[in-house]
> 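Structure provided below as structure tokens; questions to follow.
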Amino acid sequence: MGGPWRRAVVSAGLVGLLLGSAACGGGGDDGDGDGDGGTEVGAVNDVSDRGDPVDGGEITVGLEAETSSWLPGEGTFNQPGINVAYAIYDPLMHRTADGDVEPYLAESMEPNADLTEWTLTLRPGVTFHDGTPLNAQALKTIFDEYLTAPGANTAASVDEVTSLDVVDDLTVVYRLVEANAAFPVLLISSPGWPFSPTAAAAAGEDAGANPVGTGPFRFVSWQRDSQLVVEKNEDYWQEGLPHLDRITFRPMPDEDTRLASLQSGDIDVMQSLRQSTVIRARDLDGIDNYEHLGSNSGGGTVNTSKPPFDDVRVRKALAHALNQEAIIEVLGGKGVTPPTTQFFSEDSPYYSEKVADSYPAYDPDKAQKFYDDYVNDPERSDGLPVGTDLSFTYSCPPDPSLNEVAQLVQSLYGALGAQVELEQVEQATWIQKMLARDYDTGCTRVGADSDPYIVFNAAFTEGPLNMTAFQSPEIDEQLDILRTTTDIDERKAAVEEIGLVINENVPNTFSGGTLTVMAAQDQVKNLDGWVFPDGTRGNGAASAQVMWGHAWLAG
């Protein structure tokens, strides 16, 4: 995938699907650099010497949440799910330390001249864990029967692909409706995680509970909400990998419990996306901390498809009522994580001071004015009598720090006169509610370290990943520029215009950058040192996501 256009287009810019991509974050399920080595503003990595690789041993990893299914197209892969996926599956493409998108499981990927066709060539001799060969026909079956199937949550992401055509045993062509300079980025996430079509067909409805990939570890067992176990793939296609014999992943939603389990040695590695936990992990003896702060912010998502949130006055009132500094302090990030105003962080080439200045900052007087204008409007969209205060539900996952944030938000909105009911929703359920637009407003993550076309196309066009339901002709116009040009200045200008539209209409609010960590017992090594098959350095443990095949346990 060579050529001077690649760095300018695909590498510029660092989502999960969901709480990581779309309006809630980009990517999520796509960890990414910023094209400049992935500057980690606020991150303080404290990692012991790696030493030489050691084979053998097993570890237990504590994750912040469970995942609904392990089948791409069916599972909602946020950051915890991506960690498990990177043990079982290999991504066709991945990010380098410099932010470039390069082939990983794939051998090469090349566009045609007008960026409407992308030819992907697979590596020879790779097999899935059940012995099924990874070939062009397998990719086509996965695409035709799973990724684009009715109800597949990947269908919207790949709807620009008119067909995936087999060229020869190891080569396919993705034919697109129109040019897309950022298309390879998609294959870092779940649409680019090949799984055995033979095994999936045999398992039927249970395929999501019996994942079969090409990855460094084979699936052993899954007890939902308890643990998922994988063991070394002895036939892995990368010689010398993996180093570990076994990994147990445990969903542990409570931050204090997860941190205490790491401290006691009950688990060996802990994932966190909560600033207070990240900071406390720094004080633990014998712990290595792999931190990252990218284009991912805490924030709020507003369902603009239902009254009263369909009125921009209400959304501006809610935005101006939020005190970011106070929220950051509640989250324990004061002095560590910066306030945010847009989908891309200050260390991203797509950050804009103009967009920053346009964000509706904390201003109780302005908030009250917008609120009163709506409440006292005889034509208010909710049809309630003039003067009737707003009443709505604010939803959040049941994490102690988020509970405190929700209570603060309830107080800030209550000061306007709004009657706010707080709702605790398990993360997987919360994702489903947002996907179905069956919510009022609530806390989530906003932005993603991915190409801006991928981020904004998912978040603000018609499709299931547009959780806010907000769309704009102005955004559509700028998306056409992002899709078709390789000029970095033109792309930056398009991102700036989109940011201005978002801040004018506030379908999302921001509440400070999200500092992430993979904190590990110091005998667990190389969580951020993975490399591509050709030796190119990868993007580390960006967004608390690890390529587990490259990690080892020191003797």
> Report yes or no: do N112 and D114 form a side-chain donor-acceptor pair below 3.5 Å?
yes
> Looking at F183, F143, Y174, which one forms a side chain to side chain contact (heavy atoms under 4.5 Å, CB included) with V158?
F143
> Surrounding NZ of K433 (heavy atoms of other residues, nucleotides or ligands, distance under 6.0 Å), is the total greater than 12?
yes
> Taking atom types as modelled and ignoring hydrogens, do the side chains of E490 and T485 form a donor-acceptor contact shorter than 3.5 angstrom?
yes
> Less than 3.5 Å apart, any donor N or O on the side chain of S401 or E255 sitting next to an acceptor on the other?
no
> Is a side-chain donor or acceptor of T444 paired with a backbone partner of T301 at a separation under 3.5 angstrom?
no
> Classify the side-chain pair N78/Q427 by whether it contains a donor and acceptor separated by less than 3.5 Å.
yes
> Once rounded to the nearest 0.5 Å, what's the spacing between atom OH of Y374 and atom CG of L416?
14.0 Å
> Considering only heavy atoms from C-beta outward, does the side chain of R437 approach that of K306 to under 4.5 Å?
no
> Flag the pair D480 and R483 as a salt bridge only when some basic side-chain nitrogen lies within less than 4.0 angstrom of an acidic carboxylate oxygen.
yes
> Measure from the side-chain N and O atoms of N466 to the backbone N and O of F470, and report whether any donor-acceptor pair falls under 3.5 Å.
yes
> For G512, does its backbone N or O pair with a side-chain atom of S297 as donor and acceptor, under 3.5 Å?
yes
> As a quick check of understanding, evaluate side chain to side chain donor-acceptor pair (under 3.5 Å) for N403 and Q424, giving each step before the final call.
CA-CA 8 Å; N403 293 342; Q424 292 187 6; 3.2 Å; yes
> If you look only at distance, which donor and acceptor atoms sit under 3.5 Å apart when one is on a side chain in residues 495-506 and the other is two or more places apart or in another chain?
residue, atom, partner, partner atom, Å
E496, OE2, S352, OG, 2.6
N503, ND2, T341, O, 3.3
N503, ND2, V355, O, 2.9
N503, ND2, S358, OG, 3.0
E504, OE2, K316, NZ, 2.9
N505, ND2, V501, O, 2.8

> Say whether, by atom type as modelled, one donor and one acceptor occur between the side chain of E74 and the main chain of S68 under 3.5 angstrom.
no
> Which distance, rounded to the nearest 0.5 Å, do you find between the OG1 of T162 and the CD of E117?
8.0 Å
> Treating D440 as the side-chain partner and T393 as the backbone partner, does any N or O pair qualify as donor plus acceptor under 3.5 Å?
yes
> Any side-chain to backbone donor/acceptor pair from R95 onto D100? Under 3.5 Å, distance only.
no
> Using side chain to side chain donor-acceptor pair (under 3.5 Å), reason through S543 and Q545 one step at a time and then give a plain yes or no.
CA-CA 6 Å; S543 298; Q545 299 165 15; 4.6 Å; no
> Looking at R258 and E64, is any side-chain nitrogen of the basic one under 4.0 Å from a carboxylate oxygen of the acidic one?
no
> Any chance you could measure T340, atom OG1, to Y351, atom OH, to the nearest 0.5 Å?
9.5 Å
> Can you confirm whether or not the ring centre of W70 sits under 6.0 Å from the ring centre of Y89?
no
> What about F532 and Y104, are their ring centers closer than 6.0 Å?
yes
> List the steps and the verdict of side chain to side chain donor-acceptor pair (under 3.5 Å) for E160 and N180.
CA-CA 9 Å; E160 66 181 314; N180 183 356; 2.9 Å; yes
> Side chain of R445, backbone of G298: donor and acceptor closer than 3.5 Å?
no
> About how many Å separate CE of M252 and CG of L259, when rounded to the nearest 0.5 Å?
10.0 Å
> Drop me the distance from D90's CG to L92's CG, to the nearest 0.5 angstrom.
9.0 Å
> Please round to the nearest 0.5 Å and tell me the distance separating atom CD1 of I82 and atom OG of S189.
8.0 Å
> In plain terms, say whether R315 and D310 are close enough for a salt bridge, that is, a side-chain N and a carboxylate O under 4.0 Å apart.
no
> Please examine the side chains of Y394 and E423, heavy atoms only from C-beta on, and report whether any two atoms are closer than 4.5 Å.
no
> Are E291 and R282 ion-paired here, with the side-chain N under 4.0 Å from a carboxylate O?
yes
> Tell me whether the centres of the aromatic rings in H550 and Y86 are closer together than 6.0 Å.
no
> Would the distance check show the side chain of T484 and the main-chain N or O of A179 forming a donor-acceptor pair, the cut-off being under 3.5 Å?
no
> Closer than 3.5 angstrom, by distance alone: can the side chain of W430 be matched with the main-chain N or O of C443 as a donor-acceptor pair?
yes
> With no hydrogens and no angle check, is any side-chain donor or acceptor of S472 less than 3.5 Å from a backbone partner on E474?
yes
> Are the aromatic ring centres of F343 and Y350 under 6.0 angstrom apart?
no
